[in-house]
Amino acid sequence: MGDPKGFLTTARQNWPRRPVEERVRDWDEVYVPGALLPIVGKQAGRCMDCGVPFCHEACPLGNLIPEWNDLVSREDWRAASDRLHATNNFPEFTGRLCPAPCEAGCVLAINQPAVTIKNVEVAIADRAWSEGFAPPRPPDRLSGRTVAVIGSGPTGLAAAQQLTRAGHTVAVYEKDDRPGGLMRYGIPGFKMEKHHLERRIEQMRAEGTKFRTSTAVGRDVGAAELRSRYDAVVLATGATAWRDLPLPGRELAGVHQAMEYLPLANRVCQGDLEASPMSAAGKHVVIVGGGDTGADCLGTAVREGAASITQLDIYAQPGAERDEDADPWPTYPRIYRLSAAHEEARDLESAPAADADARLFAASTLHFSGDADGHVRALHLVEVDAGRRPLPGSGRTLPADLVLLALGFSGPGREDGLIDQLGLALDPRGTIARDADFATNVPGVYAAGDAARGQSLIVWAIAEGRAVAAAVDRRLMGATQLPAPIGPYDRPMTV
């Protein structure tokens, strides 16, 4: 370790955010540019290089966290980049978007603030790009085998890069006009600016990966036809079948899914649209759902100039400290977290009716009501107990000109016909069934990521992509040297 007493002498210090009143006027990332490098060396020095580093177990990628913490504390950025990229294809994505289960598993987190692992990771990744430590790595020779990857989210990109580097000829099929999946059109720029994504896409192109955008497999090209043209097919389409809220008034205009709303705002930032047809400007907005997607809607609505914004969370407000009975260390705890979007809504007083920041906790939607023109104007809710039972006399009504449903996803979408055309078996949850080698019931077809695992975190998505690449390489070549960090049935640590 860089400093044997670092965890005793150095307090945790996070990457500072820009002032709220400044950052809500643009779509740039919320953090102060250049403010991380001056502090990250000492923060990395807080790592104790534990004999049993539980951060490894908490991260499905198996990131070599104590090693690159030590290297950063010694300012050996090239070696730190090598160790980081040894397990993670896209650390600049995870360093910005992952909720950091590794920090929940940090041994310091037993009784102290954890090491700022996520900040150290993104510092290494950004330094690697600025110093040229992440050049394209095309294969020395080609295998003569071809692979189609359907979907260009983190799973598809990781699988494609690993297989390309192993020497296979890989084509990535993406139904949108640009690659990236939810990272492109679901994640707002204030969480991750798109140039980070573009940079990796260009690296992959330089390595030999081909991208076929605006191509929905099953609709624009037949699934069986594609299967016949490639030696293997990897399905990494994500879990795009959103959960709905079939309540009275759901049919009213102005009630939309979060993933109908967020892509439009992202397209405005990409220059595709002058203004979003679903813009929250001047509207009373209610977001149903307390997760990250809801927070993304919140930050977007703040920047669009909503009149008010309230986010509903059906769970009770969690405490500030870990509940050792419900979420013992090193599991990921349910605690009160203040995201950048919630901080903005709190400081701007965007939700005067909320309990904390912009959120109403323990709130369940009853129905929506509208005006004579059929447009939503109010959301009716009730408070609930821990068993989600309504509390008598707790009904409330919120003004609502725009309601956004951010209730998560149940599995892969079927609108393009891919699943039915291939005759893929599904498990009881509606996700694609696969065996211990990531293989589906259709020979030569593999499934990975949220389409098969179900809705999960970006680190699990990348780990799935790396693991399915190893399985495909083994099947094509008889053996593989590609790492497989997880199996299809592995799950996060829980009680």
Donor-acceptor pair, Asp371 side chain versus Gly374 backbone, under 3.5 Å?
yes
Taking only residues two or more places apart in sequence or in another chain, which ones pass salt bridge (Lys or Arg N to Asp or Glu O under 4.0 Å) with Arg491?
none
Check for a donor-acceptor pair, side chain of Asp244 on one end and backbone N or O of Pro246 on the other, with a separation under 3.5 Å.
no
Going by ring pair (Phe, Tyr, Trp, His ring centres under 6.0 Å), name the pairs with one or both residues in residues 357-383, residues two or more places apart or in two chains.
His367-His380
Could you work out, with salt bridge (Lys or Arg N to Asp or Glu O under 4.0 Å) as the rule, every residue matching Asp401, not counting sequence neighbours?
Arg377
Counting heavy atoms not belonging to Leu262, are there more than 12 under 6.0 Å from its CG?
yes
For Glu202, give me all partners under side-chain hydrogen bond (donor to acceptor under 3.5 Å, both in side chains), at least two apart in sequence or on another chain.
Arg205
Thr94 side chain to Glu121 side chain, donor-acceptor N/O pair below 3.5 angstrom:
yes
For residues 304-341, pull every pair meeting ring pair (Phe, Tyr, Trp, His ring centres under 6.0 Å), keeping only residues two or more places apart or in separate chains.
Phe54-Trp329
With sequence neighbours left out, what residues match Asn119 under side-chain hydrogen bond (donor to acceptor under 3.5 Å, both in side chains)?
none
Would you say Glu383's side chain and Leu391's backbone share a donor-acceptor pair under 3.5 angstrom?
no
Applying side-chain contact (heavy atoms from CB on, under 4.5 Å) to Glu21 and not counting sequence neighbours gives Pro19, Arg25
Go through the side-chain N and O atoms of Gln455 and Asp450 and say whether any donor and acceptor fall under 3.5 Å apart.
no
If only atom types and distance count, is the side chain of His56 paired as donor or acceptor with the main-chain N or O of Asn63 below 3.5 Å?
yes
Under a 4.0 Å N-O cut-off, is there an ion pair linking Glu92 with Arg200?
yes
If only atom types and distance count, is the side chain of Asp347 paired as donor or acceptor with the main-chain N or O of Glu344 below 3.5 Å?
no
Without swapping roles, check the side chain of Arg388 against the backbone of Val384 for a donor-acceptor pair under 3.5 Å.
no
Hits for salt bridge (Lys or Arg N to Asp or Glu O under 4.0 Å) against Asp357, two or more places apart or cross-chain, chain-then-number order -> Arg359
Among residues at least two apart in sequence or on other chains, which ones pass side-chain contact (heavy atoms from CB on, under 4.5 Å) with His256?
Glu260, Met278, Leu402, Leu404
Applying salt bridge (Lys or Arg N to Asp or Glu O under 4.0 Å), name anything that partners Asp126, two or more places apart in sequence or on another chain.
Arg96
Any side-chain heavy-atom pair from Lys191 and Asp296 closer than 4.5 angstrom?
yes
Examine distances only and state if a side-chain atom of Arg322 and a backbone atom of Thr331 form a donor-acceptor pair shorter than 3.5 Å.
yes
Which is it for Gln270 and Arg267 under the side chain to side chain donor-acceptor pair (under 3.5 Å) test, yes or no, and what are the steps along the way?
CA-CA 5 Å; Gln270 296 264 179; Arg267 287 194 176 277; over 6 Å; no
Spell out, as yes or no, whether a donor-acceptor pair under 3.5 Å connects the side chain of Asn88 to the backbone of Phe90.
yes
Any donor-acceptor pair under 3.5 Å from Lys175 side chain to Thr213 backbone:
no
Would you mind checking if Arg18 and Asp26 are paired as a salt bridge, meaning a charged N to carboxylate O distance below 4.0 Å?
yes
Does the side chain of Asn266 pick up a donor-acceptor pair with the side chain of Arg184 at under 3.5 Å?
no
Under 3.5 Å donor-acceptor, Arg396 side chain and Leu381 backbone
no
With sequence neighbours left out, the residues meeting side-chain hydrogen bond (donor to acceptor under 3.5 Å, both in side chains) with Tyr31 are none
Using side-chain contact (heavy atoms from CB on, under 4.5 Å) as the criterion, list what pairs up with Arg12, not counting sequence neighbours.
Asn14, Gln43, Arg46, Glu103, Pro113, Ala114, Thr116
Residues Glu198 and Arg178 bridged, charged N to O under 4.0 Å:
no
